[in-house]
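Atoms within a ligand are numbered from 1 in the order they appear, just like the ligands themselves. In what follows, residues are counted from 1 in the order of the sequence shown.
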Amino acid sequence: MTVRQNIVLIGFMGTGKSSVARCLAETKGLTAYETDSLIEKKANKPVPAIFESFGEEYFRRLETEVIAELSGVEGAVVSCGGGAALRGENVELMKRIGIIALLCASPETVYERVKAGKNRPLLNTAMSVEGIAALMEKRMALYQAAADITISTDGKTIRQICAELLGRL
Ligand code: S3P
């Protein structure tokens with residue numbers, strides 16, 4: 001099956017966006033773009049250092065810039081940072097890029113996937129199932145409003161998630 005449209009992946013941290021993007025790139029020959037990596041290139045600093053030196057607002061400005069710069073890509077899967085779909089301006093830009101797929105996971109699953117990591121500044125003070133659940137709850141309505149397709153990832157392998165997503169295009 002040929003993928004005819006770009007795919008934009010959104011969702012909370014630790015829902016598997018980057019791994020799913022890599023899988024789609026490998027199996028479908030799409031080019032994978034990751035907004036966090038593009039932001040890091042622009043700022044010449046890792047994400048935590050950007051937050052620390054310049055603050056979240058600055059990070060969000062760069063995030064909008066890189067999403068805007070992706071307009072016009074073809075044969076692409078774009079993995080967006082977990083906060084990207086919370087801004088209406090970004091969602092408008094994403095809609096122009098392609099179909100928006102929301103990856104979901106329970107707070108327990110997210111916690112298991114992210115607990116060892118130190119590269120997510122917004123989880124520094126919320127690194128618990130309860131902290132994740134609270135932030136997820138605040139964000140969920142905006143994620144759902146942005147999404148064309150929603151996929152639950154709990155208990156599924158990356159390959160299963162990719163297959164399910166491709167089947168729903
Ligand atoms: C963020 C998610 C991160 C990264 C930044 C902020 C968020 O990306 O963009 O730390 O606000 O949810 P991942 O979703 O890839 O972890």
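- In terms of protein heavy atoms, atom 5 (C) of ligand 1 is closest to Phe59 CZ, 3.9 Å.
- Interface of Asp36 with ligand 1, defined as ligand atoms under 4.0 Å from a residue heavy atom, comprises 3 (C), 4 (C), 8 (O), 9 (O), 13 (P), 15 (O).
- At distances below 3.5 Å, not a single donor-acceptor pair connects side-chain atoms of Ser37 with backbone N or O atoms of Tyr33.
- Across Asn6 and Val73, no two heavy atoms sit closer than the pair ND2-O, 2.9 Å.
- Applying the 4.0 Å criterion to heavy atoms of Leu122 picks out, from ligand 1, the atoms 7 (C), 11 (O).
- Here's the thing with Gly82: one of its N/O atoms is less than 3.5 angstrom from an N/O atom of ligand 1.
- Residue Lys17 touches ligand 1 through its side chain alone, judged by heavy-atom distances below 4.0 Å.
- Ser152 places no side-chain N or O within 3.5 Å of a backbone atom of Cys104 that could act as its donor or acceptor partner.
- For ligand 1, the polar-atom distance check finds an N/O of Gly83 within less than 3.5 Å of one of the ligand's N/O atoms.
- Of all atoms in ligand 1, numbered sequentially from 1 with element shown, those under 4.0 Å from a heavy atom of Arg60 are 6 (C), 7 (C), 11 (O).
- Between Ser18 and ligand 1, no pair of N/O atoms sits closer than 3.5 Å.
- Rounded to the nearest 0.5 Å, atoms CZ (Arg60) and CZ (Arg87) are 7.0 Å apart.
- For ligand 1, the atoms closer than 4.0 angstrom to any heavy atom of Pro121 are 10 (O).
- Using a cutoff of 4.0 Å between basic side-chain nitrogens and carboxylate oxygens, Lys42 and Glu69 are scored as salt-bridged.
- Checked against a 3.5 angstrom limit, the closest N/O atoms of Arg139 and ligand 1 fall inside it.
- Ranking the protein heavy atoms by distance from atom 16 (O) of ligand 1 puts Arg120 NE, 2.6 Å first.
- The pair Lys95-Glu92 fails the salt-bridge criterion, with no side-chain N (NZ, NE, NH1 or NH2) lying under 4.0 Å from an Asp/Glu carboxylate O.
- Note that CZ of Arg4 and CG of Leu169 are 11.0 Å apart. Values are rounded to the nearest 0.5 Å.
- By the 30° and 60° cut-offs, the orientation of the rings of Phe59 relative to Phe51 is tilted.
- In Glu40, neither the side chain nor the backbone holds a heavy atom less than 4.0 Å from any atom of ligand 1.
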